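The structure appears below as structure tokens.
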Amino acid sequence: MKRFIKYISLRVVALIFMLFLLDILFTSIFFNKKGIRNKVEFVFQNKEKNFDYIFLGSSRVEHHIDTDFINEKSNLKSLNMGVSGQNLSETFLLLKLLIDKEFKAKKYFIQIDESDLNAMKSKSVIGASYFMPFIKNVEVKNHFKKYDEDFILNSKVPFYRYMNFGYKIGYRELLLKLNNKTREKNFFIGLEKNLADSEASYVFEEKHQNDLLNEIKLFAQKNNLQLAFFTSPYYNPIKTEKYKSFAKRNNIVQYIDSIKEVKYFKDSDHLNIRGAKLFTKMIIRDFNLKK
């Protein structure tokens, strides 16, 4: 029995040691190896820090705001920092990191998804994976300490976060990083597919809360930032009255039903590349984005 306990104990110790070693190795490579694979790494590595406009949000920024087109038409510098799968909490963290790393912009545009304002989702960490290698950073650590229910596991248990978010920061991403595979796609990614179902729709929630929105406003006020909140178009949105009222009260410029033709959509809540161009033109016009 003693031999069995000793056998098991040695293997547990070896496993814990291996997890610590892997955690140190992964973190060191992600933190120190040059080569930008995603937009969080861009914040930590990019030397150009002065822009006119920076857009933040979910896939409905990454696929909807054609910043190259804005730059071409305005002769100014804009940056698309939308991240697919990211919610308002992670958008807020990305804004904090931009300020912490001394990025500057005349105005920051924050896209508000309708789902971001559902109280049950304000503290989720769906888009957290890209931040996890940098969890020792003060801004990242303090943010997830407040918003991440698994903060203790992700920050204290060795290698847990790399296993938990392996689909984004696992072995494949580590090997690509080691092989100097930098991001090939532009920060704006246009979607090619067309929505085929003209009967499709997006149904809005009936309740919205603005606690997180107010935190972002206070942060902007403290750091003297110019913010503009907006929402992207949906195809055939249903039950929008309460959201429109909420948007008006909270100074969110809403475009939820601004584009009606199915040919401009990839699905019910994403524009295709033609719709993105049309929507970007609206943003340029309504926010007077020109020199």
Side-chain angles (χ1 to χ4, degrees), residues 10-49 54 56-59 61-63 79-87 89-103 123-189 191:
L10 286 173
R11 273 147 186 79
V12 169
V13 170
L15 175 62
I16 293 172
F17 176 77
M18 183 179 70
L19 291 175
F20 269 108
L21 192 62
L22 284 171
D23 191 284
I24 293 169
L25 176 65
F26 271 59
T27 301
S28 176
I29 291 171
F30 278 114
F31 203 91
N32 297 310
K33 187 77 168 66
K34 299 300 180 184
I36 295 169
R37 294 283 305 153
N38 57 64
K39 293 180 182 180
V40 175
E41 291 183 3
F42 175 85
V43 176
F44 279 91
Q45 294 187 29
N46 198 60
K47 294 181 179 179
E48 174 58 58
K49 297 182 182 292
I54 296 179
L56 299 108
S58 66
S59 58
V61 165
E62 185 167 37
H63 302 313
L79 179 65
N80 185 320
M81 292 298 286
V83 178
S84 295
Q86 188 168 265
N87 68 11
S89 172
E90 290 93 47
T91 295
F92 186 19
L93 175 53
L94 197 54
L95 176 63
K96 290 177 182 176
L97 281 178
L98 286 167
I99 303 308
D100 180 58
K101 296 303 177 184
E102 299 183 341
F103 280 74
K123 295 184 180 180
S124 71
V125 287
I126 297 170
S129 57
Y130 297 119
F131 297 99
M132 284 298 154
F134 308 98
I135 203 164
K136 301 299 183 183
N137 172 273
V138 173
E139 293 293 343
V140 177
K141 180 176 70 175
N142 289 342
H143 186 88
F144 282 124
K145 190 173 183 179
K146 181 174 182 179
Y147 290 104
D148 182 5
E149 294 178 354
D150 295 326
F151 173 73
I152 298 299
L153 291 172
N154 285 322
S155 62
K156 303 297 183 184
V157 178
F159 205 61
Y160 176 84
R161 63 190 184 278
Y162 292 106
M163 293 186 290
N164 196 27
F165 297 95
Y167 61 101
K168 288 293 186 183
I169 55 171
Y171 291 104
R172 179 182 179 276
E173 189 63 24
L174 186 80
L175 292 174
L176 290 171
K177 186 81 172 171
L178 283 171
N179 287 318
N180 298 314
K181 296 290 185 180
T182 58
R183 182 187 177 106
E184 293 181 357
K185 293 183 178 179
N186 196 356
F187 277 12
F188 161 71
I189 304 173
L191 300 172

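The structure presented is a predicted model; accordingly, all values stated were derived computationally and were not measured. Below, each value reflects all heavy atoms present in this structure, side chains not excepted, and no hydrogens, waters or symmetry copies.
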Handout entry: CD (Glu48) with more than 12 external heavy atoms under 6.0 Å
Key = yes
Practice task
Answer yes or no: does atom NZ of Lys145 have more than 12 heavy-atom neighbours from other residues, nucleotides or ligands under 6.0 Å?
Solution key: no
Between [Y] and [X], is there a side-chain heavy-atom distance shorter than 4.5 Å?
| X | Y | value |
| --- | --- | --- |
| Met18 | Leu22 | yes |
| Val12 | Ile16 | yes |
| Tyr162 | Thr27 | yes |
| Phe26 | Ile169 | no |
| His63 | Ser84 | yes |
| Phe131 | Leu97 | yes |
| Asn137 | Phe44 | yes |

Handout entry: Ring-face cation contact, Phe30 with Lys177, 6.0 Å cut, 45° max
Key = no
Exercise for the section: Test side chain to side chain contact (heavy atoms under 4.5 Å, CB included) on Asn154 and Phe144 and set out the steps. Expected result: CA-CA 9 Å; Asn154 285 322; Phe144 282 124; over 6 Å; no
Could you grab the distance from atom [atom1] of [X] to atom [atom2] of [Y], nearest 0.5 Å is fine?
| X | Y | atom1 | atom2 | value |
| --- | --- | --- | --- | --- |
| Phe31 | Gln45 | CZ | CD | 10.0 Å |
| Lys141 | Glu139 | NZ | CD | 11.0 Å |
| Lys39 | Asn46 | NZ | CG | 12.5 Å |
| Lys96 | Glu90 | NZ | CD | 11.0 Å |
| Ile135 | Asp148 | CD1 | CG | 6.5 Å |
| Leu95 | Ile54 | CG | CD1 | 8.5 Å |

Problem - SB check Arg161 Asp23 (cutoff 4.0 Å) - result: yes
Exercise for the section: Applying side chain to side chain contact (heavy atoms under 4.5 Å, CB included) between Leu56 and each of Leu98, Val61, Leu79, Asn80, report the one that passes. Expected result: Leu98
Exercise for the section: Name the orientation class of the two ring planes belonging to Phe103 and Phe42 (parallel below 30°, tilted from 30 to 60°, perpendicular beyond 60°). Expected result: tilted
Practice task
Please report the shortest heavy-atom distance between Thr182 and Gly35, naming the atom on each side.
Solution key: CG2-CA, 3.7 Å
